[in-house]
Protein chains: 2
Amino acid sequence: MARPKIGETDRSNSTDKVEKILQGAMQEFLAHGYAATSMDKVAEAAGVSKATVYSHFQDKEGLFKALIEKLAKKRFQKILGTQALQGEPYIVLRRLAKTALHQMIDDPEYQSFERLLIGESARFPGLAQIFIGSIAKPAIETISKYIASRPELNIPDPEATARILIGSLVHFVMTQEIMHGKNIMPMESDRLIDALTHLIINCAE
Amino acid sequence: MARPKIGETDRSNSTDKVEKILQGAMQEFLAHGYAATSMDKVAEAAGVSKATVYSHFQDKEGLFKALIEKLAKKRFQKILGTQALQGEPYIVLRRLAKTALHQMIDDPEYQSFERLLIGESARFPGLAQIFIGSIAKPAIETISKYIASRPELNIPDPEATARILIGSLVHFVMTQEIMHGKNIMPMESDRLIDALTHLIINCAE
DNA sequence: GTCTATATAATGATAGAC
DNA sequence: GTCTATCATTATATAGAC
């Protein structure tokens, strides 16, 4: 709604529409990007009229920002819901890499989200930064702390090494899936995982 | 260059227009993306009329594809023009990483190109594949061969390791520059280079 | 080959009925 | 709050003059 008042009891009717609009917006923006998505299509996908969309969101840009922030929060929950990082590095790092890789590969929504954020990162730098701050940064910090907690790994810069780990995985999904390179330069994901764990673990020896 | 046709007069004028159109298209598409770029703006940026644009390119999609293919070729030249990979791994890998990283960081056109290709990789999968085949694949192959040529590195899977190297560098530029994360999670590029060379070199010991 | 002018369609956003 | 109907603008693409 346009002006929420303090202490106002939410009308569930209205909240439902907002949710439907965000659902429709997600479908359209993720499929076609920002500029190629029309408010008519959003309204149609949401099952409401266009005027209703404009009664809940100021304009196209406002709707887009609200959607991206919602999706970033959702991803944040999904990723931080992974298993706690503790135990033998060989086990933990392999499981971490395998889990993260397959979560990205098996999730078309994640891939569309990446396309959208990167594609619009010039027009909406603040939204890309929300993604960085709420997803990439905590992920790197978590891994960095784990690496630092295992002195037997003998890694002088845990944070930089965490970036190498994450960067390798994300870029693998970027080339193979998001940019459709898996038929042009195929590689089993296990080979990447093996090579990564080899680099990180065997360095200590 | 252009194929000379019998009886054609004034062909250099026409070729000039094509070049001007592609220049204008580059400026607009790189700045605003595919959908948000109008043929009017392309014509204006190129200094020609819109009808002239349509006389040389079938439609917006055709112009876009021609531009991306041209840019991919240009990048291909630019990247393969790097120094030959031979010599001591510590020297070669550090120089490679440093050069590649700064070429990407100091090149806004590259960053816009990445935004464009990834953002449009759902609508134009073939164009993303051209990029993969003409840039990412040869780069990985070159590094892979170098790694394989140095058995003292003791790396069991050179190709997967080459992907880790490239992936770390590209993803670093992706988060820091393209997605504007350098103020949110800052890191000196030298730290990444140090950590990478540490992982790859010290593993052999 | 290149231009000006225009046809046709779609877009973001709003007015007013209920 | 939600809808239908509509406005003003802008888009892709083309016709016809020179």
Side-chain angles (χ1 to χ4, degrees), chain A residues 1-5 8-29 31-68 116 120 123-124, chain B residues 1-25 27-29 31-68 116 119-120 123-124:
Chain A
M1 65 197 72
R3 298 170 197 164
K5 295 173 186 172
E8 185 183 14
T9 50
D10 247 345
R11 290 210 152 198
S12 54
N13 244 357
S14 171
T15 323
D16 281 355
K17 295 274 181 184
V18 169
E19 190 50 42
K20 281 173 70 178
I21 292 167
L22 285 170
Q23 273 293 328
M26 182 177 80
Q27 177 186 310
E28 295 299 314
F29 281 125
H32 308 114
Y34 178 76
T37 290
S38 73
M39 296 296 265
D40 289 81
K41 291 283 183 60
V42 169
E44 189 185 336
V48 302
S49 78
K50 190 161 58 167
T52 300
V53 176
Y54 277 98
S55 80
H56 288 283
F57 299 91
Q58 194 183 6
D59 52 16
K60 187 181 179 182
E61 196 169 314
L63 172 59
F64 184 67
K65 288 180 178 172
L67 172 70
I68 296 297
L116 188 57
E120 302 299 338
R123 198 199 301 249
F124 301 104
Chain B
M1 307 302 285
R3 281 178 302 169
K5 289 176 186 174
I6 299 171
E8 188 181 9
T9 63
D10 206 19
R11 63 176 175 268
S12 60
N13 246 354
S14 172
T15 323
D16 282 355
K17 296 273 181 184
V18 169
E19 190 50 43
K20 280 172 71 179
I21 293 167
L22 284 170
Q23 273 293 327
Q27 177 185 312
E28 294 300 313
F29 281 124
H32 308 113
Y34 178 78
T37 291
S38 74
M39 295 297 264
D40 288 83
K41 291 285 182 59
V42 169
E44 189 184 336
V48 301
S49 77
K50 191 161 57 167
T52 300
V53 176
Y54 278 97
S55 80
H56 288 283
F57 299 92
Q58 194 182 9
D59 52 17
K60 186 181 180 181
E61 196 171 313
L63 172 60
F64 184 67
K65 288 180 179 173
L67 172 70
I68 297 296
L116 188 57
E120 301 299 339
R123 197 199 301 249
F124 301 104

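Because the structure is predicted, anything quoted here is derived from the model rather than measured.
An OP1 or OP2 oxygen of D:dC3 is reached within less than 4.0 angstrom by a side-chain nitrogen or oxygen of A:Thr52. Of the side-chain N and O atoms in B:Tyr54, none sit less than 4.0 angstrom from OP1 or OP2 of D:dT14.
Along DNA chain D, the nucleotide nearest to A:Val48 and the one nearest to A:Asp40 differ in position, and the one closer to the 5' end is contacted by A:Val48. Between A:Thr37 and A:Ala51, the residue anchored closer to the 5' end of DNA chain C is A:Thr37, taking for each the nucleotide with the nearest heavy atom.
For the pair A:Glu44 CD and C:dA10 P, the interatomic distance rounds to 13 Å; values are reported in whole Å. The OH-C1' distance, from A:Tyr34 to C:dT11, rounds to 12 Å in whole Å.
Under a cutoff of 6.0 Å and an axis angle of 45°, B:Lys60 and B:Tyr34 form a cation-pi pair.
Counting any heavy atom pair closer than 4.0 Å across all strands shown, A:Ser49 reaches a base atom.
Of all the heavy atoms in B:Ala36 and A:Arg123, the pair that sits closest is CB-NH2, 3.2 Å.
The side chain of B:Lys17 approaches C:dC3 more closely than any other nucleotide in the set C:dC3, C:dG12, D:dC3. Comparing D:dA11, D:dG1, C:dT14 by their nearest atom to the side chain of B:Ser38 picks out D:dA11.
Checking B:Ser55 against B:Thr52 by side-chain atom types alone, no donor-acceptor pair falls below 3.5 Å.
In this structure, B:Thr37 contributes its side chain and B:His32 its backbone to no donor-acceptor pair below 3.5 Å.
Taking only distance into account, the side chain of A:Lys50 meets the base of C:dG12 through a donor-acceptor pair shorter than 3.5 Å.
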